[in-house]
Amino acid sequence: MTVLWSLDFRLNGDADDLLKLHEVRTLLETGNIFDRTLPGIVQPEPYVSHWPWIVDLPYAAFARLLAPFAGFEPALMLASFAVPLLLLAPALYFYNRLVIATGFAYPAVALPLALIFAVRTFFEYAPGRIDYHNLQILLLLAALVLMMSPNRLSAFVNGLLAALAIAVSAEFAPFYALVMAVYAFDWILGREGGEDRIVGFGLALAIGAVGLYAAIVPPSAYAAVRCDTYSAPHVTALAAAGLSFAVVPLLVGRRGGWATRAAILLVFAAASLAALVMLFPQCLAGPYGSLDAYVRDNMLNRILQELSLFRRPDFVLSASFPSMVLLFVGALAPVVICLDPHGRSRPLVILALFSLLALVLAIDYLRYFRYLPVFSGIGLIFVLASFLPRDARLARYLESPVPVASRRYALIVPGLVLSGAMALYHLSVRASQAAIPAAEFADSCYFSHFDPQRGWPAGAVVLAPPLIGSHFVALAEGPKVVTIPNHPSAKGIERSYRFLDPSTADPRAILDASKATHVAICAWRDPPSPHLEAAYPFAAALMEGHPPAWLRECPTDASSPLRIYSYRNTDGSEAGCPASTLSAQALP
């Protein structure tokens with residue numbers, strides 16, 4: 001990954017990495033862990049990040065240590081490069097423990113093979129990939145390994161990690177609901193040490209939830225309800241679940257059978273859920289529930305990872321379809337193995353359950369596809385071992401207590417059937433494709449290089465489509481922006497989209513409402529396109545360099561991917577142009 005990064009080949013990444021860079025820089029400059037307002041984004045409403053400061057901590061701490069020796073910005077760049085790779089080390093350790101637990105004769109051979117199959121997930125640790133996903137993967141791998149341990153201390157640590165994972169983001173809540181189900185199942189069936197484990201996990205979950213709430217949320221916001229970040233609904237849910245796990249086994253003791261235990265635990269769970277619904281009904285619509293319908297239809301619902309696999313328009317004919325078939329086969333192979341009691345073991349059952357859940361989540365919500373290879377990678381080793389000749393050296397290395405050779409086709413059939421069913425669905429039910437919004441087309445020059453020296457006038461505020469805005473906000477010295485592609489910037493997103501929308505009668509009114517001094521848009525430097533001009537007359541005019549009288553084009557390099565226009569300052573004076581222009585220079 002380092003070599004490919006040095007060759008300027010980006011394995012992974014999105015606009016959230018650019019926002020995170022700005023967020024870490026702001027945390028280091030202000031030192032205020034509670035104020036999550038990011039100064040570079042003015043819609044003109046303030047932008048308040050939904051990420052807690054703990055996701056910035058590894059990068060901020062690393063940069064703080066290096067800053068006295070390397071300088072502030074170089075230290076920040078080094079942190080963005082090195083911290084994902086440092087997080088990769090414990091992630092590989094826990095993944096190796098997971099491979100060992102499945103019982104392969106030579107884990108040193110099985111692990112590299114699993115990593116080859118799961119490489120898409122581990123690209124989340126590529127240099128510069130500073131979003132929170134790599135931390136979430138690390139915490140989940142640790143949770144899987146800890147679940148396989150029979151002692152109470154492992155369960156207690158797992159409870160703390162579960163609280164931390166949900167505090168980072170509720171995205172992995174389904175996985176941790178399954179973690180809780182495993183501990184509950186052990187206790188309900190009276191497994192040895194099950195009571196100690198569920199009590200230890202529950203106590204740690206409740207303690208961790210409350211402790212992280214005090215560390216993340218300022219006292220002035222304790223009563224505030226935010227459905228998209230760690231706040232009162234989240235700590236209430238975790239504390240209620242943790243206390244239920246800790247109290248119910250003590251109340252029940254050894255009385256009653258498994259049905260009684262399950263019923264009592266379900267009563268507590270139902271009561272907790274009912275209380276949450278009554279206290280926080282606004283969160284029933286999810287973290288995006290407050291988004292305006294215009295933003296949801298024109299921007300959010302057009303992001304591939306926000307769709308289900310049933311709604312992806314290019315699924316069958318895409319180059320990624322064969323890899324998806326492999327993922328389906330690998331995800332379902334452990335499930336097939338566990339159907340046979342002779343091949344069943346606790347580690348394999350846990351792997352099969354999480355693999356199946358990851359598959360369901362990935363089909364329902366493409367965001368989870370990045371995590372599926374972690375589970376499919378191990379399943380594909382079993383598939384590979386089943387098709388190798390018995391006398392092959394690699395087959396001896398991949399031997400395990402699981403009898404897979406006699407069921408080689410049974411391991412792959414479920415994945416192939418599911419893939420065929422998905423293909424038939426997409427061939428028979430064509431996914432609808434809405435018209436591309438003008439702002440999305442004008443944002444299509446998604447590029448990775450920005451010149452950090454730009455000489456923008458003081459107080460410059462740029463109205464641009466969201467992806468362009470994210471590149472501006474990541475600069476150490478750059479203008480403020482109206483919007484970036486993140487849901488807390490919904491008001492800014494709406495203004496940038498309506499500004500370029502052909503149905504907007506007066507784009508200037510949108511520009512005034514955003515209090516922007518400049519406009520930036522992707523440049524169309526090819527011969528004029530009649531189709532473009534007919535579909536998006538105003539956007540096309542700006543992209544081709546034909547602005548209205550109230551905008552003045554600023555000089556840019558012929559190779560620049562953008563056109564920049566000056567408007568006016570808030571006092572009514574004419575806004576100046578940046579002293580230098582965009583060019584194809586990389587960040588330091």
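Here the structure is a predicted model, which is why all the values come from computation and not from measurement.
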Which donor-acceptor pairs under 3.5 Å do side chains of residues 346-361 form with protein atoms, sequence neighbours excluded?
{"from": "Arg346", "atom 1": "NE", "to": "Met147", "atom 2": "O", "distance (Å)": "3.3"}
{"from": "Arg346", "atom 1": "NH1", "to": "Asp186", "atom 2": "OD1", "distance (Å)": "3.2"}
{"from": "Arg346", "atom 1": "NH1", "to": "Asp186", "atom 2": "OD2", "distance (Å)": "3.1"}
{"from": "Arg346", "atom 1": "NH2", "to": "Met147", "atom 2": "O", "distance (Å)": "3.0"}
{"from": "Arg346", "atom 1": "NH2", "to": "Asp186", "atom 2": "OD2", "distance (Å)": "2.9"}
{"from": "Ser355", "atom 1": "OG", "to": "Ala331", "atom 2": "O", "distance (Å)": "2.6"}

Inset, instruction - Using the side-chain hydrogen bond (donor to acceptor under 3.5 Å, both in side chains) rule, take Asp501 and Tyr294 through it: C-alpha gap first, then chi angles, then the decisive distance, then the call. - result: CA-CA 11 Å; Asp501 194 327; Tyr294 180 87; 2.7 Å; yes
Supply the atom-to-atom distance [X] [atom1] to [Y] [atom2], rounded to the nearest 0.5 angstrom.
X      : Y      : atom1 : atom2 : value
Leu88  : Tyr93  : CG    : OH    : 15.0 Å
Met422 : Phe328 : CE    : CZ    : 6.0 Å
Gln305 : Leu300 : CD    : CG    : 9.5 Å
Leu178 : Phe185 : CG    : CZ    : 11.5 Å
Leu19  : Ser49  : CG    : OG    : 6.0 Å
Leu140 : Ile137 : CG    : CD1   : 8.5 Å

Taking the side chain from [X] and the backbone from [Y], do they hold a donor-acceptor pair closer than 3.5 Å?
X      : Y      : value
Asn301 : Arg296 : yes
Ser470 : Ala15  : no
His22  : Leu18  : no
Arg495 : Gln43  : yes
Ser444 : Phe441 : yes
Tyr125 : Asn134 : yes
Lys20  : Asp131 : no
Ser386 : Val383 : yes
Asp14  : Asp16  : yes
Ser154 : Ser149 : no

Are [X] and [Y] packed together at the side-chain level, in the sense that at least one heavy-atom pair is separated by less than 4.5 angstrom?
X      : Y      : value
Ser419 : Met324 : no
Trp524 : Asp526 : yes
Leu21  : Ser80  : yes

Inset, instruction - Given side chain to side chain contact (heavy atoms under 4.5 Å, CB included), test Leu418 with Ile363 step by step and report yes or no. - result: CA-CA 11 Å; Leu418 178 59; Ile363 292 174; 4.0 Å; yes
Inset, instruction - Any chance you could lay out the side chain to side chain contact (heavy atoms under 4.5 Å, CB included) test for Leu309 and Tyr365, step after step, and finish with the verdict? - result: CA-CA 7 Å; Leu309 195 53; Tyr365 196 12; over 6 Å; no
Inset, instruction - Keeping to residues at least two apart or across chains, list the side chain to side chain donor-acceptor pair (under 3.5 Å) pairs with something in residues 276-291. - result: Tyr288-Arg367
Legend entry - Ring-ring centroid check Phe268 Phe245, cutoff 6.0 Å: no
Inset, instruction - Would you please indicate if the ring centroids of Tyr409 and Phe387 are separated by under 6.0 Å? - result: yes
Answer with yes or no whether the side chains of [Y] and [X] bring together a donor and an acceptor at under 3.5 Å.
X      : Y      : result
Ser320 : Arg312 : yes
Asn158 : Tyr183 : yes
Thr483 : Ser496 : no
Tyr371 : Glu171 : yes

Inset, instruction - Mark yes when over 12 heavy atoms from residues, nucleotides or ligands other than Arg97 sit less than 6.0 Å from its CZ; otherwise mark no. - result: no
Inset, instruction - Applying side chain to side chain contact (heavy atoms under 4.5 Å, CB included), run through Arg36 and His50 and close with a yes or a no. - result: CA-CA 8 Å; Arg36 304 303 286 166; His50 63 298; over 6 Å; no
Validation: residues 230-239 side-chain donor-acceptor distances under 3.5 Å, sequence neighbours left out:
{"from": "Tyr230", "atom 1": "OH", "to": "Ala209", "atom 2": "O", "distance (Å)": "2.7"}
{"from": "Ser231", "atom 1": "OG", "to": "Arg226", "atom 2": "N", "distance (Å)": "3.1"}
{"from": "Ser231", "atom 1": "OG", "to": "Arg226", "atom 2": "O", "distance (Å)": "2.6"}
{"from": "Ser231", "atom 1": "OG", "to": "Thr229", "atom 2": "O", "distance (Å)": "3.4"}
{"from": "His234", "atom 1": "ND1", "to": "Thr229", "atom 2": "O", "distance (Å)": "3.0"}
{"from": "His234", "atom 1": "ND1", "to": "Ser231", "atom 2": "N", "distance (Å)": "3.3"}
{"from": "Thr236", "atom 1": "OG1", "to": "Ala232", "atom 2": "O", "distance (Å)": "2.7"}

Legend entry - For Pro52 against Ile216, the heavy-atom pair lying closest together: CB-CG2, 3.7 Å
Inset, instruction - Over all heavy atoms of both residues, which pair between Ile493 and Pro485 is shortest? Give the atoms and the distance, please. - result: CD1-CA, 4.4 Å
Inset, instruction - Name all residues meeting the side chain to side chain contact (heavy atoms under 4.5 Å, CB included) criterion together with Ala410; count only those two or more places apart in sequence or in a different chain, and write none if there are none. - result: Val336, Arg407
Legend entry - Results of side chain to side chain contact (heavy atoms under 4.5 Å, CB included) for Leu4 - residues two or more places apart only: Phe9, Leu11
Legend entry - Salt-bridge contact Arg302-Glu306 (side-chain N to carboxylate O under 4.0 Å): no
Inset, instruction - For Phe104, check ring pair (Phe, Tyr, Trp, His ring centres under 6.0 Å) against everything at least two apart and list the hits. - result: Phe382
Legend entry - Test log, rule side chain to side chain contact (heavy atoms under 4.5 Å, CB included), inputs Ser308 and Leu366: CA-CA 6 Å; Ser308 75; Leu366 282 171; over 6 Å; no
